[in-house]
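Since the structure comes first, as structure tokens, the remarks are kept for the end.
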There are 2 protein chains.
Amino acid sequence: MSQLPKQPAEVSVPTSADVARLAGVSRATVSYVLNNNATVRISEPTRHRVREAATQLGYVPHAAARSLRAGHSRLVLLPSGHIPAGPLHQHFFQELQAGLRRLDYTVVQYGSAGLADDEAVRAWAELRPVAVVVPPGITLTPHGTEILTRSGAKAVITLGPEPVAGAHGLVMDQRQVGASAVGHLLVRGRRRIGVVMPREAGLTPFSEPRLAGARQTAEPAGAHISPLPLHYEEESAAELAHRWPELGLDAVFAYNDEYAMLLMRALQDAGVAIPGDTAVVGADDLLLGRLLRPRLSTVRMELAMPDPLAETIDRLVHHPGTAPVHHDLLRTSAVHRESS
Amino acid sequence: MSQLPKQPAEVSVPTSADVARLAGVSRATVSYVLNNNATVRISEPTRHRVREAATQLGYVPHAAARSLRAGHSRLVLLPSGHIPAGPLHQHFFQELQAGLRRLDYTVVQYGSAGLADDEAVRAWAELRPVAVVVPPGITLTPHGTEILTRSGAKAVITLGPEPVAGAHGLVMDQRQVGASAVGHLLVRGRRRIGVVMPREAGLTPFSEPRLAGARQTAEPAGAHISPLPLHYEEESAAELAHRWPELGLDAVFAYNDEYAMLLMRALQDAGVAIPGDTAVVGADDLLLGRLLRPRLSTVRMELAMPDPLAETIDRLVHHPGTAPVHHDLLRTSAVHRESS
DNA sequence: TTGAAAGCGGTACCAT
DNA sequence: ATGGTACCGCTTTCAA
């Protein structure tokens, strides 16, 4: 059983020609058998000999050669950025990936951190993906879209907050998050609202739109929004809590539950009553937020239809002519607990 | 400026032949120029014309064709499983990826969730990666290793708790985590120690070794270990906390900080004094654990040398003969706060 | 039922 | 300083 072959380093990779030779047939026949080609009839004994030879050699077809010949790949590229992917996204991609694999696509994540926009796009294009799904936090320019389509991508899909010219946009409008949070706070009578802006790099693509959404919602109600830069560190939170009185805020939307928990603890330590003096709202509906006292109010987010998305991609691949689709994936709702 | 070309759907992808035609040279020359081939001298005007033509057509080389010809790729494959990747791993991979890219490798994550072991391995092998880095939680059999090396992989590296025959093992021995936690508890005089076992699927590759490490450390000290199955849900924790008195434990290692926070809250709500009645230790050293009262004791984990790992891989690629390396990446240390 | 051969997009040797 | 061309591994007509 699989005793490691201590060959002199240079083990040559078996090709379909090797299989053919061993089975005593032509490469064509090997291809027919291994791909179960229905348009051609191969005798059972031959099929058997070919299969036998293949497993004996440990033959694995060469994807590059195959798709080179075919003129197209079934590769779906999923660039990933520097953003620490939260459980929500991870789950979403997991589903998407499963759905695409069911449709017989090869899904691959390509880490693009540290590449300039167009470098990254070129790198993706070299792989000749049939579809590219760009998550929020990675910027795709119209020019980038063009490079991709010109290199054969049938579907280019952005998940960012803004539709990109030429690409199909499945929008995740982060503004909704800010809007839900602030809406909730307004209903509960708050008017002077802080919005935490994480200082951590890479989060701006999320925090800026959330702030914008907060502003849009606050304005008509005559409420006031103050951005509050914050590091994800105890000292930073303590410092912010320290000057809380002079800020004169009666509520804060803390970007997400983690920043909310951090800030809430600091505020409590500084003697600020929650929700008495200041209401606190997070986002993500983490389990941990429910363990705090008071329990953390939050904005719950759901990503609709990862699976239909797989089918949408499949449709786009087959009918590339289609006009860009724009869809909103994000569903948000405020969850009232005790901190607001 | 990049007005979207509303072509009748079938835009043909430009090849090096197209570039050659437009520049009025041969394909060979195009290759020389675009790859800055030093072994051949091309006149400046020609170089210019070629570059001009390439950009004008939006030419991007075809990676598959290139590596088919070259006989090898520079692809490093990084299978990813169903396990919710924590920040520690994400950071580690980020670094590894950056390091490898600096060495001019193409790094790609391949989601293998829902594939049987050998299906997955075949799928990887089809891509003819030059190296494969298998994270913990994904099982690689010796047979799988053989398939990969036979298909041309020069370096197969496992990050799991157990070295795999034939592969280079960069071990992350999760037992250390349990050992550190229990060691800490023993020093503080605890003897009847519970170990939380998450019921969530996919965590067993981590939880089992941690339990084993706990047992190994407890035994010589005459301490007793009780596994405690727990769902990551408030009800499950409450239920466990409810029968805490009858368990007669004076300490618990809660798998990680998240489970620890969950359990600690439930215990407090059930009237169990922490650390008076029961000491609690988590793992991961999350910031959030420091916000609890009492502050959560934890096991800090560090993944040594992601960057040297990139260079190790590079070396392995160049000198494949090398005997399997086995190395321990994980550094753990207990951090005493207030919950123990 | 099977085989011979062309060709996918690049690269690199050998001529010119 | 350039061009012609064989070849990488695989699929797919077309012939036999």
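The chains referred to below are lettered A, B, ... by the order of the sequence lines, with proteins before strands, and numbering in each begins at 1. Note that the coordinates shown come from a computational prediction; the quantities given were computed from them, not determined experimentally.
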Could you give the [atom1]-to-[atom2] distance, from [X] to [N], as a whole number of Å?
X        : N      : atom1 : atom2 : value
B:Arg21  : C:dG10 : CZ    : C1'   : 15 Å
A:His62  : D:dT11 : NE2   : C1'   : 15 Å
B:Leu68  : C:dC8  : CG    : C1'   : 9 Å
A:Arg128 : C:dC8  : CZ    : C1'   : 12 Å

- Query: Side chains of B:Leu96 and B:Ile313: closer than 4.5 Å at any heavy-atom pair?
  - Reply: yes

- Mind checking whether A:Tyr32 and A:Val50 have side chains closer than 4.5 Å, heavy atoms only? no

- At what angle, to 10 degrees, do the two end axes of the helix from C:dT1-D:dA16 to C:dT16-D:dA1 meet, given five pairs define each axis? 50°

- Note on the structure: When B:Val13, B:Leu22, B:Thr15 are each screened for side-chain contact (heavy atoms from CB on, under 4.5 Å) with B:Leu57, the one that passes is B:Leu22

- Mind running side-chain contact (heavy atoms from CB on, under 4.5 Å) on B:Leu309 and B:Leu100 for me, showing each step along the way? CA-CA 9 Å; B:Leu309 175 51; B:Leu100 285 168; over 6 Å; no

- Query: Quick one, which residues of residues 31-48 of chain B touch DNA chain C with a heavy atom under 4.0 Å?
  - Reply: B:Ser31, B:Tyr32, B:Asn35

- Start with the C-alpha distance between A:Thr141 and A:Thr145, add both sets of side-chain angles, then the distance that settles side-chain contact (heavy atoms from CB on, under 4.5 Å), and finish with yes or no. CA-CA 6 Å; A:Thr141 64; A:Thr145 313; over 6 Å; no

- Message: If I take atom CG from residue B:Leu303 and atom CD from residue B:Glu95, how far apart are they, to the nearest 0.5 angstrom?
- Response: 11.0 Å

Side-chain N,O ([X]) to OP1/OP2 ([N]) below 4.0 Å:
X       : N      : result
B:Ser16 : C:dG10 : yes
B:Ser26 : D:dT2  : no
B:Arg49 : D:dT2  : no

- Using a 4.0 Å heavy-atom cut-off across all strands, classify B:Arg69 as base, sugar-phosphate, or nothing. base

- Item | Short side-chain to backbone donor-acceptor contact, B:Arg49 and B:Ala23, under 3.5 Å | yes

- Message: Closer than 3.5 angstrom, by distance alone: can the side chain of B:Ser73 be matched with the main-chain N or O of B:Arg128 as a donor-acceptor pair?
- Response: yes

- A:Ser151/A:Trp124 under side chain to side chain donor-acceptor pair (under 3.5 Å): CA gap, chis, key distance, verdict: CA-CA 10 Å; A:Ser151 79; A:Trp124 307 340; over 6 Å; no

- Got a donor-acceptor pair under 3.5 Å from the side chain of B:Arg27 to the base of C:dT11? yes

